[in-house]
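In what follows, chains are A, B, ... by sequence order, proteins preceding strands, each numbered from 1. Everything quoted here is computed from the prediction, not taken from an experiment.
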Amino acid sequence: MQRQDHRRTGTGGTMVTNKDVAAIFREMADLLTLEGVAFKPQAYLRAARAITALDEDITAIAERGELEAIAGVGTAIAAKITTIIDEGHLPALDTLRNKQPSGLRDLMKIEGIGPKTARRLSTELGITSIEELETAVDQHRLRRMKGFGAQSEKQIKEGIEALKGRTNRFLLGYILPDAETIEAQLRGHPAVLRVCLAGSIRRRKETIGDVDILVAADDPDAVSAFFCSLPEVQRVLMQGPKRSSVVLAADLHVDLRVVQEEAFGAALQYFTGSKGHNIHLRQRAIERGWKLNEYGLFAREGETLIARTHEEEIYRALDLAFIPPELRENRGEVEAAAAGALPTLIGYDAVKGDLHVHTRWSDGAHTIREMAEAARERGCEYITICDHSAGLAVAHGMTDDRIREQGKEIADLNRDLNDITILHGIEANIDRDGNPDVRKEILRDLDFVVASIHSGFRQTKKEMTERMQTAIHNDHIDMIGHPTGRLIQKREPYALDMDAVFEAAAAANVLMEINAFPSRLDLSDVHCRRARTFGVMIGIGTDAHHTNHLGYLDFGVAVARRGWLEEADILNTRTLAGLRKWLET
DNA sequence: GCCGTTTTCGGCCCGACTGTTTTCAGTCG
């Protein structure tokens, strides 16, 4: 739904975000689909996806007159974007909305109901909302429609229940362990030859809709039956030799695909996606007179096999460098792979220390020693303890005296612990004017100062940007913590001119954090890529409040990889000596 | 509505699974 409360800018224009524009085009697509219009919905969806993936404000692109340079945006959609920016809404969407009951779009959210069924429910039974549909199901009125029986009523009823219980997409960090548990059980089955997570979870997207698992097996039926009877499975949606689908607790859907071992690479490529990436690859295959699908890459005439066993072979055959899954979002990676211009992504084992760790000195669950020993076990060479400052009372922030006491404890521990160094840091609050809430005499003596915004979220974009710039220009601040303040699916980022922030950070040599906590992932992948163009140095921190959180480092690396970052872009890939040297300059 | 090294017109990914209808339409990914 389009928001009604558009923020006003100083010039009196309406402030439209990329998200707003994408939402409008998604609704256009839905409504056109309901009307049975062909192809246009795909065009709008493609534009919506492209706009979502932009690393720049669409208003800026529009001002430069470069809207049509966006892949999937042509004359008509560019004109519509301009209208949205100028008027704050799209008359063409309003027209479409008036043509059919508003509830039909909701009906399509129910599993098993697509545009055709939604239309028929409306025209044949007068059902235009989920509530009405529920009543109709209970009264067994659905089976009056041709092609509907008791089974379809049951499915729709279950679909309604699932929709009601459904919250949001799942956070990668919380779902990956569950997915890996299923993966491990499949790996233990005697008929399973290969198994790999696919889909958005393999691409390490920040949120996951459902889990895709790919298996190569010599007895597909046995593997499907095994999968559908796993203890975690609450409901089986479908079960077949090539594809099965189940629901786990919390309404997490897991899809299993079973393929022949020889075609595993083609299937893995296909089921890893993204959709946009695959379409791009397929077009590339078509240009060569070939065909790419989940069974392999074929020369069209005679179905001659070109590649299928390993993903690498498929990319190579299409004259592309291998594209890591994290980059497969159709954000220019195919062009870069063709030109030999892909980045050498930072590796998952490249980070040498955690830059953002909490302890019992503020709101963490463990002592400094416990956190340090746990980090050491994970292979960290150093950690920076960054407990909250006094300004954050809810987190038992530290007063000046306690900060000094903590410093003594860290000095003692460093004498006592081998193979890991503890740096004494702090997470200070940035006040409304952009100043840290800790005296400079204290900050001066610390090894590492993270500064974050924890209050005053509702300032205007101009105020917030200036506030951040002031913080960046403060001599004692080393890193801006969770720079945009977003909480995935819970809280929008602060209103910030990120380009201005990045420019300031690069000039002042201040780190921007990738906060690796699963609900933050802040900076985001898109912001990382943008930051890199400004030459911003990035630091990865877990924001761990528990030893169990130290493993989140991998999710921070995943964001960096999705943001096209290389090892050199991340400060804490350096050794302790390298880190200290950078901090001194 | 977008797009272009077979193109400015005529394509647009396509295969698996389900329910119900006995041959396939609808949905999904």
Side-chain angles (χ1 to χ4, degrees), chain A residues 25 28-29 31-50 67-81 92 96 107-121 142-143 145-156 158-159 198-201 208-214 220 224 228 236-246 253-259 263 266-267 269-298 300 319 330 338:
Chain A
F25 288 151
M28 288 287 291
L31 296 177
L32 287 167
T33 307
L34 273 166
E35 288 197 352
V37 175
F39 303 113
K40 286 192 191 186
Q42 289 309 316
Y44 279 110
L45 284 179
R46 186 173 174 215
R49 276 198 303 270
L67 286 172
E68 290 188 45
I70 302 169
V73 175
T75 328
I77 288 186
K80 287 189 170 68
I81 294 172
L96 273 179
L107 291 185
M108 283 201 302
K109 290 179 189 153
I110 298 165
E111 180 137 16
I113 295 185
K116 301 276 169 48
T117 309
R119 285 282 284 184
R120 286 188 62 199
L121 287 168
L142 255 58
R143 50 186 83 171
M145 291 203 306
K146 192 170 157 63
F148 281 73
Q151 193 60 232
S152 8
E153 273 182 350
K154 181 165 169 272
Q155 271 195 357
I156 287 173
E158 286 176 352
S200 53
I201 207 164
I208 305 296
D210 55 28
V211 175
D212 293 297
I213 305 181
L214 182 69
S224 299
C228 290
V236 177
L237 292 176
M238 63 169 79
Q239 181 178 350
K242 297 190 173 175
R243 184 175 166 202
S244 299
S245 188
V246 301
H253 289 220
V254 183
D255 270 14
L256 179 77
R257 313 279 184 149
V258 187
V259 299
Q269 195 292 310
Y270 183 89
F271 292 119
T272 296
S274 66
K275 193 181 180 128
H277 176 85
N278 283 359
I279 289 172
H280 203 145
L281 282 198
R282 232 168 284 136
Q283 281 167 346
R284 211 173 157 84
I286 291 167
E287 282 168 17
R288 287 161 172 71
W290 299 343
K291 183 176 75 170
L292 176 63
N293 60 29
E294 60 262 59
Y295 297 109
L297 180 61
F298 303 93
R300 284 203 151 168
D319 297 319
N330 201 27

Can you find an N or O donor on one side and an acceptor on the other, under 3.5 Å apart, linking the side chain of A:Arg243 with the base of B:dC17? no

Categorize A:Ile113 for me: base, sugar-phosphate, or nothing, with a 4.0 angstrom heavy-atom threshold over every strand shown. sugar-phosphate

Hey, is the main chain of A:Ala78 close enough, under 3.5 Å, to the side chain of A:Glu68 for a donor-acceptor pair? no

Nucleotide of B:dG1, B:dG29, B:dT27 approaching A:Tyr44 most closely (side-chain heavy atoms): B:dG1

Quick one: on DNA chain B, does A:Ala38 or A:Gly149 contact a more 5' nucleotide (nearest heavy atom)? A:Ala38

Test A:Leu107 against every option in A:Leu121, A:Leu34, A:Thr117 by the side chain to side chain contact (heavy atoms under 4.5 Å, CB included) rule and name the one that passes. A:Leu121

Say we look at B:dG11 and B:dT6: how far apart would their C1' atoms be, to the nearest angstrom? 12 Å

With syn defined as a glycosidic angle within 90° of 0 and anti as the rest, where does B:dT7 land? syn

For the side chain of A:Lys242, counting heavy atoms from C-beta on, which of B:dC17, B:dG29, B:dG1 is nearest? B:dC17

Under the 3.5 angstrom rule, does the side chain of A:Ser224 hit a backbone N or O of A:Gly240 as a donor-acceptor pair? yes

Between B:dT5 and B:dA16, how many Å separate the two P atoms, rounded to a whole number? 31 Å

Taking atom P in both B:dT20 and B:dG26, compute the distance separating them and give it to the nearest angstrom. 15 Å

Distance, rounded to the nearest Å, where A:Ile279 contributes CD1 and B:dG11 contributes C1': 14 Å

Is B:dT8 paired to anything, Watson-Crick or G-U wobble with both distances less than 3.5 Å, and if yes, which nucleotide? none

Using a cut-off of 4.0 Å on non-hydrogen atoms, how would the nucleic acid contact of A:Ile110 be classed: base, sugar-phosphate, or nothing? sugar-phosphate

Measure from CD1 on A:Ile156 to C1' on B:dG26 and round the result to the nearest Å. 12 Å

Nearest to the side chain of A:Met238, heavy atoms from C-beta on, is which of B:dG1, B:dC17, B:dG26? B:dC17

Protein-nucleotide distance (A:Glu294, atom CD; B:dC14, atom P), rounded to Å: 11 Å

Figure out the CD1/P separation between A:Ile201 and B:dG29, and round it to whole Å. 16 Å

Tell me if a side-chain donor or acceptor on A:Arg243 pairs with a main-chain N or O of A:Met238 at a distance below 3.5 Å. no

Nearest listed nucleotide, side chain of A:Asn293, among B:dG15, B:dC3, B:dC12: B:dG15

Does A:Lys116 reach a base, just sugar-phosphate, or nothing at all? Heavy atoms under 4.0 Å. sugar-phosphate

Please report the distance, rounded to the nearest Å, between CD in A:Glu35 and P in B:dG1. 12 Å

Testing B:dG26, B:dG29, B:dG1 for proximity to the side chain of A:Thr117, the answer is B:dG26

Value in whole Å for how far the C1' atom of B:dG26 lies from CE of A:Met145: 12 Å

Distance between P atoms of B:dT18 and B:dT7 (Å, rounded): 43 Å

Assign A:Lys275 to base, sugar-phosphate, or nothing according to its heavy-atom contacts below 4.0 angstrom with the strands shown. base

Determine the interatomic distance between P on B:dT22 and the same-named atom on B:dG15; round to the nearest Å. 26 Å

From B:dG1, B:dG15, B:dT20, nucleotide with atom closest to A:Ala76 side chain: B:dG1

Heavy-atom pair with the smallest gap, counting every atom of A:Glu35 and A:Leu96: OE2-CD2, 3.4 Å

Ring centres within less than 5.5 Å and planes less than 30° apart: is that true of A:Phe39 and B:dC12 in this structure? yes

Between B:dC2, B:dT27, B:dC13, which nucleotide gets closest to the side-chain atoms of A:Tyr270? B:dC13

Determine the Euclidean distance between corresponding C1' atoms of B:dT23 and B:dC12; express it in Å to zero decimal places. 27 Å

Considering every strand and a 4.0 Å limit on heavy-atom distances, what is the contact class for A:Phe271: base, sugar-phosphate, or nothing? nothing

Select base, sugar-phosphate, or nothing to describe what A:Ala150 touches, counting heavy atoms under 4.0 Å on all strands. sugar-phosphate

Which heavy atom of A:Ala285 sits nearest a heavy atom of A:Leu297, and at what distance? CB-CD1, 3.9 Å

Ranking A:Pro241 and A:Gln42 by the position along DNA chain B of their nearest nucleotide, the one closer to 5' is A:Gln42

Between A:Arg288 and A:Arg284, is there a donor-acceptor pair closer than 3.5 Å when you use the side chain of the first and the backbone of the second? yes

Per atom distances to the A:Pro115 side chain, the nearest of B:dG1, B:dG15, B:dT27 is B:dT27

Quick one: which of B:dC13, B:dG1, B:dT20 gets closest to the side chain of A:Arg282? B:dC13

How close or far is atom P of B:dC24 from atom CZ of A:Phe148, stated in whole angstroms? 19 Å

Euclidean distance for P, B:dC13 against B:dC24 (whole angstrom): 23 Å

Between B:dT27 and B:dG10, how far apart are the two P atoms, rounded to whole Å? 30 Å

Keeping A:Glu294 on the side-chain end and A:Tyr270 on the backbone end, is there a donor-acceptor pair under 3.5 Å? no

A:Lys80 side-chain proximity, nearest of B:dG1, B:dG26, B:dG29: B:dG1

Roughly how many Å is it from NE2 in A:His253 to C1' in B:dC17, rounded to a whole number? 16 Å

Under 4.0 Å between a side-chain N or O of A:Ser245 and OP1 or OP2 of B:dC17? no

